[in-house]
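Report on the structure given below.
No experiment lies behind these values; they were computed from the predicted model shown. Within every chain, numbering begins at 1; the chains are lettered A, B, ... in the order of the sequence lines, protein sequences first and strands thereafter.
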Amino acid sequence: MRLKQISVFLENTPGHLEKVCQALADGNINLSTITIAETRDYGIVRAIVDKPEEAEKILRDKGFFAKLVDVLAVEVSDTPGSLSKILSRAAMAGINIEYMYAMTRPMHDNPVMIMAVKNIDAAESILSESAKAPLV
Amino acid sequence: MAQNWNDKNGDFHPASAMDFLPVEELRRIQSQRLVALVKHAYDNVPLHRKRMDELGVKPEDIKSIDDIVKLPFTQKTDLRDTYPYGMFAVPMGEIVRLHASSGTTGKPIVVGYTEEDMEVWNASVMRCLLMFGVRRGDFIQNSFGYGLFTGGLGLHGGAEKLGCTVIPASGGNTERQLMIMRDFGATVVSCTPSYFVHVIEESHKYGIDMKKLPLRIGVFGAEPWSEKMRRFVQDNTNMEAFDIYGLSEIAGPGVGGECPEHNGIHILEDNFYPEILDPETGKPLPDGEVGELVITTLAKRAMPILRYRTHDLTSIIAEKCPCGRTVRRIRRIERRSDDMFIIRGVNVFPSQIEAALMRVEESTPHYRILLERKKDLDTVTVEVEVSESTFSDGVSQLENVRKRIQASIMNIVGIRIEVRIVEPHKIARSEGKVKRVFDYRNI
């Protein structure tokens, strides 16, 4: 299934990530998962939250550069080889995964992989079999 | 006066005579040269003729050096717009040398010299070297870049004319520079001051004790520097550091230099006539007041320049110099009226950075330029704010934009400049003139 991920541009300097998290906390936004892609000078914070549209507005109001991006959420059973099975299906269909990170959910045994792909419509139908369970 | 032809040991060198002329005699020569220059420029350079006609000034109206204020200005853009040879006043057959300025938008500024111009230029550099105490018998390691840049060959010509042993080391390759310095026995080094500071820092790495070398004089120019850098050089070597001033539009190095008083730069005003003007109104300012330096090439044939606006801010020191020279002094140039900065000997204007940014679709007009000194080398970083079109969630897209901006700047400015993408609204917005250049070099 599809989720809206919030991506935030951040300078690679102390205190900036804290400001983002504080802004979200003040807006009563819950983080399900968060990850950072970093370069020497800046990073991109990617997060799955309970209220993405609100989160985007809060961060923009605070002067951050935030953007909502469609990503795929694919449930992966907590057993050896299950991720590899999903990925080989993606590979056979010629789907390139730009980046990927994991999210756990309370009350669920299986984790969910968050994946960014170029052609999300095609990818969703191919990988959807493993994305039936309710998510966030 | 005569006891002080050459500051240090008083030995007479006839080439320095022009530095010490009685003022009336100097003015007479300047007047004579100005009259000839204006006629030559009016008759042979369409741009000068057009500008003078617009002001209603005829060559006959110029009778003495005091009439210089009647003449039109020449701007850097004039030299660029007439690329490559539009400002030349003699047939190409008389041009024996071409040089070109570095780091200008798209096209460089081309300057030409006749054989006579080369004589004047070499003699001017020689007079500066004499002022610094350089003599026949000195080994001068010339580490200014050789090529289209006027620094390398300009210094070379003057040093050779003086009778020094010239080591044309050119720029770069610090290890080799140090080896040559030690093994060839250089007594004088000429280069940009920031580069020499770097050489000193590196010398420990190669086990060379700068104080054990026979070096005694440093000739530094092509970029602004400070007393702090002079102290650093003098504390870490047995050298005395001198400032040489020049700009390629006028001649190259040798427009002026510091005498051993180290209090201002003597402009060789029999060849290069200085005026200080209010940069806003263009009106002359009294001696001592800070304004824009404007120079007229009194002795140039190939490319006569009337009242060139240098955009360098300085003032004329009216008091007589204790060294005995009568050619006037200007204070060290520390600021410019147009935000231009000099980095590794290349002139860069913020407008060029802006032009480079404009060529990259996704970049924003919100940028600032940071000048820093890292490990004794000057670095430039351009900070550009992230924008809607730059930011698309992926690092690779952002990096792609960053690299394209960098390539675009390289293309226009000619040097590699770091580009950093920063958070939005980090760069102050301002209603009036936006401050673009932040100089943290602390020179």
Side-chain angles (χ1 to χ4, degrees), chain A residues 2-20 22-23 34-49 52 55-72 96-101 114-120 123, chain B residues 353 356-357 360-375 377 379-410 416-430 434 438 440:
Chain A
R2 268 184 218 206
L3 285 181
K4 289 226 177 288
Q5 164 193 280
I6 182 146
S7 301
V8 191
F9 180 90
L10 262 197
E11 271 177 59
N12 209 349
T13 38
H16 282 225
L17 180 59
E18 192 270 334
K19 271 188 213 150
V20 169
Q22 189 58 53
I34 186 165
T35 177
I36 301 177
E38 102 287 358
T39 70
R40 193 193 51 192
D41 299 320
Y42 59 87
I44 297 171
V45 174
R46 294 163 178 149
I48 302 292
V49 298
E56 187 197 14
K57 191 178 176 310
I58 289 168
L59 290 174
R60 285 200 173 240
D61 289 348
K62 287 267 175 201
F64 286 104
F65 221 96
K67 205 170 200 167
L68 292 180
V69 183
D70 283 329
V71 289
L72 276 185
N96 189 46
I97 293 167
E98 312 267 313
Y99 58 83
M100 178 175 92
Y101 55 100
I114 305 294
M115 300 179 186
V117 294
K118 276 229 168 67
N119 188 347
I120 194 160
Chain B
I353 303 283
L357 287 173
V360 178
E361 219 177 292
E362 296 92 336
S363 71
T364 62
H366 303 301
Y367 68 96
R368 56 178 200 158
I369 299 163
L370 309 179
L371 306 180
E372 292 159 296
R373 179 155 291 159
K374 289 176 187 161
K375 291 189 200 137
L377 282 183
T379 64
V380 193
T381 306
V382 175
E383 288 192 339
V384 187
E385 278 185 9
V386 65
S387 72
E388 203 70 54
S389 49
T390 341
F391 183 50
S392 55
D393 177 45
V395 169
S396 55
Q397 290 97 316
L398 272 172
E399 282 300 283
N400 181 297
V401 171
R402 195 180 69 77
K403 281 184 184 138
R404 273 163 46 223
I405 293 173
Q406 195 165 37
S408 175
I409 294 174
M410 175 83 191
R416 208 184 124 80
I417 282 178
E418 274 300 315
V419 174
R420 198 182 292 150
I421 296 186
V422 298
E423 285 172 10
H425 307 290
K426 179 176 180 170
I427 293 157
R429 315 296 200 254
S430 154
V434 185
F438 294 79
Y440 297 120

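When all heavy atoms of Gly63(A) and Pro424(B) are compared, the closest pair comes out as O-CG, 3.4 Å. Of all heavy-atom pairs spanning Val395(B) and Tyr42(A), the tightest one is O-OH, 4.1 Å.
Counting only heavy atoms from C-beta outward, the side chains of Glu423(B) and Phe65(A) never approach each other to under 4.5 Å. Ser7(A) is listed as a side-chain neighbour of Phe391(B), based on a closest heavy-atom distance under 4.5 Å. Residues Ile44(A) and Leu398(B) form a side-chain contact, since some pair of their non-hydrogen atoms from C-beta on lies under 4.5 Å apart.
For a residue to count as touching a neighbouring chain, one of its non-hydrogen atoms must lie under 4.5 Å from one of that chain's; by this rule Glu383(B) does not touch chain A. Residue Tyr99(A) touches chain B through its side chain alone, counting heavy-atom pairs closer than 4.5 Å.
Within 6.0 Å of the NZ atom in Lys62(A), the count of heavy atoms belonging to other residues, nucleotides or ligands does not exceed 12.
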Arg40(A) vs Arg420(B), test: side-chain contact (heavy atoms from CB on, under 4.5 Å). Steps then yes/no.
CA-CA 9 Å; Arg40(A) 193 193 51 192; Arg420(B) 198 182 292 150; 5.7 Å; no

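Among Glu98(A), Gln5(A), Arg60(A), Glu38(A), the residue with the largest count of heavy-atom pairs under 4.5 Å with chain B is Arg60(A).
Contact check on Asp393(B) versus Arg46(A) returns a salt bridge, with a Lys/Arg side-chain nitrogen under 4.0 Å from an Asp/Glu carboxylate oxygen.
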